[in-house]
J.: 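First, the structure itself, so that you have it in front of you.
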Number of protein chains: 2
Amino acid sequence: MATAVLDTLDAQGLRMTGPRRALVEALVERQEAFTAEELMQAVPAVGRATVFRTIKLLVDSGLVCRMSQVDGRPLYSLSHQGHHHHALCQRCGAVLDIYRCGIDTMLENIELATGAKVLGHRLEVFVLCPACVAAADESPPAKQLA
Amino acid sequence: MATAVLDTLDAQGLRMTGPRRALVEALVERQEAFTAEELMQAVPAVGRATVFRTIKLLVDSGLVCRMSQVDGRPLYSLSHQGHHHHALCQRCGAVLDIYRCGIDTMLENIELATGAKVLGHRLEVFVLCPACVAAADESPPAKQLA
DNA sequence: GTTTATGCAAAACATTTGCATAGTC
DNA sequence: GACTATGCAAATGTTTTGCATAAAC
């Protein structure tokens, strides 16, 4: 599982070091979105600087995507494939991928309506995931990513 | 022009102080998006803390909307009406409002496809505005919000 | 006169960087 | 052995906070 990610790094000519291995394994293990701080807590042996450097490296490699939370702070998750968007569950922290979002049509309409040329976009959707919709009535929120 | 904004603050029981007036006027004067820092530079007489406090207050009042730049840093602009999105020109900093974006249909589809309940969303579109599309071939980028 | 807002300076955060050391290839 | 990555600690940049003062209602 983590191997695929590590292979990609290898293919990019990056060195396979202990810290990188440990960070990638931590990410794969918890199939969830994470903040830089959470990742530092998950792998305390690795220094802050390396965590930030590695996150940046993974984002640049396209292996991790950066999203933003409601308050604007950055959140990351392993990127699964191609261009897509995310729905962040506000209760449990789950991240749902959205592939067929129909945004391309939307962007075309924007170009037509405004005359602007679309260079890129970012869409964040804040949701309650199905499990949390079901659970929301019974138990209190358990939002805890750490 | 600035009056409408000030009236809204007044209606919310907030005091009409010199600094607030000055900040709101600065915002209205430059009909453009701004960062906290730019606003501080525009009204140097007002202290940092007050600038941040006032921005927050305006965002909470719905008078200003917070968006994010490509790098994730926050950008603000006077909000014109209702729910809408923004297209940020990457060359000149212009902000185009997008009202009829068709995103509601998209969100409904997301709910159907994933079973999640959509609580909210944020869409940022990064563009070249029409003027910049025209100018891009001739002159070099002049991105300068300050 | 009471309550709220301001300014300043300091604190709190999050992220980045310089540089010597250690690890990979 | 050459080059890259790491760790630490310090620097950076931005936003927040405490508290005494000043302004608004």
Side-chain angles (χ1 to χ4, degrees), chain A residues 2-3 5-27 33-61 63-76 145-146, chain B residues 2-3 5-27 33-61 63-76 145-146:
Chain A
T3 318
V5 175
L6 295 172
D7 284 352
T8 304
L9 291 182
D10 191 43
Q12 305 198 358
L14 296 168
R15 294 194 171 169
M16 194 50 50
T17 67
R20 282 179 187 169
R21 212 181 297 269
L23 290 173
V24 168
E25 273 165 15
L27 292 185
F34 59 95
T35 62
E37 205 204 345
E38 285 162 0
L39 187 52
M40 291 196 289
Q41 291 173 350
V43 190
V46 177
R48 290 174 289 292
T50 300
V51 170
F52 280 102
R53 284 188 277 231
T54 304
I55 289 177
K56 184 169 299 175
L57 183 152
L58 291 169
V59 170
D60 289 346
S61 304
L63 292 166
V64 158
C65 17
R66 167 193 256 125
M67 353 180 225
S68 42
Q69 297 175 279
V70 179
D71 59 12
R73 286 180 314 180
L75 197 65
Y76 306 89
L145 295 177
Chain B
T3 319
V5 176
L6 295 171
D7 284 352
T8 305
L9 291 181
D10 190 45
Q12 305 198 358
L14 296 168
R15 292 191 174 171
M16 196 49 50
T17 67
R20 282 178 186 169
R21 213 181 296 268
L23 290 172
V24 168
E25 274 165 14
L27 291 185
F34 58 95
T35 62
E37 205 205 345
E38 285 162 0
L39 187 52
M40 292 196 290
Q41 291 173 349
V43 190
V46 176
R48 289 175 287 294
T50 300
V51 169
F52 280 102
R53 285 189 277 233
T54 304
I55 288 177
K56 183 170 299 176
L57 182 153
L58 291 168
V59 170
D60 290 346
S61 303
L63 293 166
V64 158
C65 19
R66 167 193 256 123
M67 355 184 221
S68 41
Q69 297 174 278
V70 180
D71 59 11
R73 285 182 316 182
L75 197 67
Y76 306 89
L145 295 176

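Lettering follows sequence order; numbering is per chain, from 1. What you are looking at is a predicted structure, and each value in this text was computed from that prediction instead of being measured.
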J.: Between D:dA9, D:dA5, C:dC8, which nucleotide gets closest to the side-chain atoms of A:A49?
T.: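 My answer, after comparing the listed nucleotides, is D:dA9.
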J.: May I ask you to test the A:T17-A:R21 pair for a side-chain heavy-atom distance under 4.5 Å?
T.: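 Counting from C-beta outward, A:T17 and A:R21 never come under 4.5 Å.
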J.: Let me spell it out: for each of B:P74 and B:T17, pick the nucleotide of DNA chain D with the closest heavy atom. Which residue's pick is nearer the 5' end?
T.: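 Result: B:P74.
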J.: Starting at CZ of B:R15 and ending at C1' of D:dC25, how long is that distance when rounded to a whole Å?
T.: 5 Å
J.: Report yes if a donor N or O on one partner sits less than 3.5 Å from an acceptor N or O on the other, where the partners are the side chain of A:R53 and the base of D:dG7; otherwise report no.
T.: yes
J.: Does B:G18 or B:R66 map to a spot on DNA chain D nearer the 5' end, using the closest nucleotide for each?
T.: B:R66
J.: Hey, does A:I55 have a side-chain heavy atom less than 4.5 Å from the side chain of A:F34?
T.: yes
J.: To the nearest angstrom, how far is B:R21 atom CZ from D:dA23 atom C1'?
T.: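 To the nearest whole Å, that distance equals 12 Å.
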J.: Assign each of A:F52 and B:V51 to its nearest nucleotide of DNA chain C by heavy atoms, then name whichever residue's nucleotide is nearer the 5' end.
T.: B:V51
J.: Starting at CZ of B:R73 and ending at C1' of D:dT12, how long is that distance when rounded to a whole Å?
T.: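 Going from B:R73 (CZ) to D:dT12 (C1'), I get 13 Å.
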J.: Specify the separation, in whole Å, of atom CD of A:E38 and atom C1' of C:dA14.
T.: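 After rounding, the gap between these two atoms is 14 Å.
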J.: Would you mind reading off the distance between A:I55 atom CD1 and C:dA14 atom C1', rounded to a whole angstrom?
T.: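 The answer, rounded to whole Å, is 12 Å.
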J.: Is there side-chain contact between A:C65 and A:V59, with at least one heavy-atom pair below 4.5 Å?
T.: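 Not in contact.
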J.: Between C1' on C:dT16 and CG on A:L57, what's the gap in Å once rounded to a whole number?
T.: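 The distance from CG of A:L57 to C1' of C:dT16 comes to 15 Å, rounded to the nearest Å.
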J.: Need to verify one output field. Residue with the more 5' nearest nucleotide on DNA chain C, B:L14 or B:R48?
T.: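 The answer here is B:L14.
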J.: Evaluate the side-chain proximity of B:T54 to B:V24: yes if any heavy-atom separation is below 4.5 Å, no if none is.
T.: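 The answer is no; the side chains never approach within 4.5 Å.
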J.: Please state how far atom CE in B:M40 lies from atom P in D:dT14, giving the value in whole angstrom units.
T.: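 Those two atoms, CE and P, are 8 Å apart.
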J.: Considering just the side-chain nitrogens and oxygens of B:K56, establish if one lies under 4.0 Å of OP1 or OP2 belonging to D:dT15.
T.: no
J.: From C-beta outward on A:P19, which listed nucleotide comes closest to its side chain: D:dT6, C:dT17, D:dT15?
T.: D:dT6
J.: Which distance, rounded to the nearest 0.5 Å, do you find between the CZ of A:R53 and the CZ of A:R48?
T.: 11.0 Å
J.: Could you please name the option among D:dT16, D:dT6, C:dT6 that lies closest to any side-chain atom of A:T50?
T.: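 Closest nucleotide among those given: D:dT6.
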J.: Using whole Å, what does the distance between atom C1' of nucleotide D:dT4 and atom CE of A:M16 come to?
T.: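 Value for this atom pair: 13 Å.
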